[in-house]
Amino acid sequence: MALIAAFRGLRYCKALAGSMGRLVGPPYDPVTEQDLDRYRSRHERNITCLLYGRDESRNRAQGTALTLRQWVGREDLVRDKRPAIYLYQIDYRMAESGPTLTRTGFMALLRLQDYDMGMIRAHERTFSAIKEEKLEALNACQANLSQVFTFYDDPRLEVTEVLAQGAPSRPDLEFRDPEGITHRLWLVTDPQAHLQAARLMAPKSIYIADGHHRYETCLAHRRRMRHSFPTADPRSPFNYTLVYASALQDPGLAILPAHRLITELPGFDRGEFLSRADRFFRIVDTGLDPLAPEAPAGFKKLLEGRPEGETALGFLAAGAPTFILLTLKEEIRSRLQIHPALKEVDVAILREVVFRRCLGLTKEALGDEGLFRYDYELSSAAARVRAGRAEAGFFLNPTRVSQVKAVADAGLVMPRKSTFFYPKVTTGLAMSPLVHGELVADLLRV
């Protein structure tokens, strides 16, 4: 069973809530100092000031724990009095001129389960060093400060409908952040709504969209706590983690493509590459000049217009006169020696066919972080190739959520940077303390 539960969120106090757009930030993940400076400049209590301490003389985890205690002691952060499931809705645009999209989900606690139990499903490979850093922070803070971004299968959107029916008529929070995203948060405190939502979620598999390191860190923390407290109640907070969950059928659940830029390819020859690629792809010279201002947008439209189920990739070499469209020949797909779920994923085709077979990159080269750069905007990726900052650029359509589900269902992992769920889940709306001696309001685990 997938067990969700309400919790008493730790949230910014009412006096600060009016500045909410300047207080929230990204999840606890690697970020650049430039990004941190941008968030910290918005407000002295911006959530990144808690997640990433500036004092290098102090252990970062201990610094975060100290800041957390200070903010709680000053009542900058205050716990809600009643357990709630937090219905959370955002309005955003994929492009400035694009339509407004709305993504609806909820924040709740999820009972931790090992992957081999089959209810919680991953699609990314994680790295030990990152998990060790996060575990140190979790041990020091005894609080989930960032949510794990998850999705689940719900064709009729029943779970969010139940929560919406149990929610107050007006949101507790509504604000617009500096990125132009509108946020609305309702506190659903009705135990009957909690019970109905929990029953609907119980038989569902939970798919991790973003936050694999955070989830696995919580598993490691649970092992440590179970060793220290072997007779603890199953509803002890360390047996749960904080998640944001959205239905995969929600019209606002979107993924951005991560276009690949190869910084250096000794001996690379565009003509020779296209000659090799001709064995695997139908090649079309689009005639679109990358120096023309409107060309990247035109090529993006051409790429996005390909039929679903067809693998189409874009290619641009440094100094080349035009964008090239590569469409995989279906007989090649059928002969690929990879799992059927991966055969449908464009990033996997790029890796297996283009990088390995056409460019001859080794496994070691494919794992070389210095060789690749990633860009989520086709126009800026193309500009970097035009400027000679990359030898070649390969452009993709976004991975579909259904493809992520199929790969996770098969127990496989996606190639690196296959998904960028957009927008990332916001941190700072509600955090979950792990208070020793408390019990989680888990209505299905009584």
Side-chain angles (χ1 to χ4, degrees), residues 21 24-32 34-35 38-39 47-48 88-107 122-124 146-152 157 160 175-185 206-215 243-261 296-297 300-301 303-304 308 314 345-347 350 373-382 394-405 407-408 414-429:
V24 296
Y28 180 39
D29 276 326
V31 293
T32 66
Q34 184 179 7
D35 286 335
R38 177 164 52 89
Y39 282 106
I47 192 66
T48 58
Y88 177 35
Q89 193 172 71
I90 59 171
D91 297 336
Y92 69 98
R93 290 180 176 178
M94 298 287 281
E96 287 187 13
S97 59
T100 297
L101 302 175
T102 299
R103 187 177 78 203
T104 303
F106 63 88
M107 288 185 286
H123 72 272
E124 284 185 4
S146 291
Q147 310 96 310
V148 178
F149 188 165
T150 67
F151 65 89
Y152 57 93
L157 306 178
T160 49
F175 63 94
R176 187 178 177 89
D177 69 23
E179 279 72 40
I181 298 173
T182 298
H183 305 252
R184 290 180 291 275
L185 187 76
I206 306 294
Y207 299 86
I208 299 177
D210 186 36
H212 292 75
H213 288 94
R214 291 190 291 279
Y215 186 82
V243 299
Y244 164 83
S246 181
L248 72 87
Q249 293 84 4
D250 188 274
L253 186 62
I255 299 177
L256 294 181
H259 307 297
R260 266 63 171 168
L261 302 169
K300 180 181 179 182
K301 186 175 181 180
L303 190 62
E304 292 175 341
E308 186 173 317
V345 179
D346 291 359
V347 182
L350 178 67
R373 295 290 182 269
Y374 303 92
D375 199 311
Y376 301 101
E377 288 289 341
L378 191 151
S379 57
S380 61
F394 295 91
F395 313 107
L396 300 131
N397 281 317
T399 303
R400 297 191 298 277
V401 181
S402 59
Q403 293 174 325
V404 179
K405 177 181 180 296
V407 170
M414 305 277 277
R416 291 192 64 209
K417 301 287 186 181
S418 294
T419 58
F420 183 98
F421 283 83
Y422 181 83
K424 280 184 173 285
V425 64
T426 301
T427 298
L429 293 175

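These values consider heavy atoms only, across backbone and side chains, with no hydrogens, waters or symmetry-generated copies.
- Ion pairing of D91 with R184 is present here, as a side-chain N (NZ or NE/NH1/NH2) and a carboxylate O approach within less than 4.0 Å.
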Full working for side chain to side chain contact (heavy atoms under 4.5 Å, CB included) between V24 and L429: CA-CA 7 Å; V24 296; L429 293 175; 4.0 Å; yes
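- Of all heavy-atom pairs spanning V425 and P27, the tightest one is O-CD, 3.4 Å.
- Listed by chain and number, the residues in a salt bridge (charged side-chain N to carboxylate O under 4.0 Å, His left out) with R416 are E369 (sequence neighbours excluded).
- Here Y374 pairs with nothing under the ring-ring contact (aromatic ring centres under 6.0 Å, His included) rule; sequence neighbours left out.
- With a 4.5 Å cut-off on side-chain heavy atoms, P26 and T48 count as touching.
- Put simply, the side chain of Q147 gets close to the backbone of T426: a donor and an acceptor are under 3.5 Å apart.
- Between the side chains of H183 and Y88, a donor-acceptor pair is found at a separation under 3.5 Å.
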Pair L248-Y152, side chain to side chain contact (heavy atoms under 4.5 Å, CB included): steps then yes or no: CA-CA 6 Å; L248 72 87; Y152 57 93; over 6 Å; no
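- Legend: residues meeting side chain to side chain contact (heavy atoms under 4.5 Å, CB included) with Q403, ordered by chain and number and at least two apart, are E344, V345, T399, R400.
- Considering only heavy atoms from C-beta on, P99 stays 4.5 Å or farther from R93 through its side chain.
- Under a 3.5 Å cut-off, the side chain of H123 and the backbone N or O of I208 do form a donor-acceptor pair.
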Steps toward side chain to side chain contact (heavy atoms under 4.5 Å, CB included) verdict (S146, R214): CA-CA 8 Å; S146 291; R214 291 190 291 279; 3.8 Å; yes
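- Contact check for L378 versus P296: side-chain heavy atoms found under the 4.5 Å cut-off.
- Distance alone, capped at 3.5 Å, places no donor-acceptor pair between the T150 side chain and the V243 backbone.
- Proximity of P257 to N397: side-chain heavy atoms (C-beta onward) are nowhere separated by under 4.5 Å.
- For R373, the side chain to side chain contact (heavy atoms under 4.5 Å, CB included) test picks out L261, T263, R384, with sequence neighbours left out.
- Nearest approach of I47 to G25, heavy atoms of both residues: CG2-N, 3.3 Å.
- With a 4.5 Å cut-off on side-chain heavy atoms, V148 and Y244 do not count as touching.
- Applying the side chain to side chain contact (heavy atoms under 4.5 Å, CB included) criterion to R38, with sequence neighbours excluded, gives D35, R42, E179.
- Legend: residues meeting side chain to side chain contact (heavy atoms under 4.5 Å, CB included) with L101, ordered by chain and number and at least two apart, are Y92, M94.
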Pair H259-Y376, side-chain hydrogen bond (donor to acceptor under 3.5 Å, both in side chains): steps then yes or no: CA-CA 6 Å; H259 307 297; Y376 301 101; over 6 Å; no
Residue pair Q89, T102: steps toward the side chain to side chain contact (heavy atoms under 4.5 Å, CB included) verdict: CA-CA 7 Å; Q89 193 172 71; T102 299; 3.4 Å; yes
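- Contact of the S246 side chain with the R103 side chain is registered, since non-hydrogen atoms from C-beta on lie closer than 4.5 Å.
- Between F421 and F149, the ring center distance clears the sub-6.0 Å criterion.
- Using a 4.5 Å heavy-atom threshold, the side chains of F151 and V404 count as touching.
- Listed for the R260 side chain is no donor-acceptor partner under 3.5 Å among the backbone atoms of V347.
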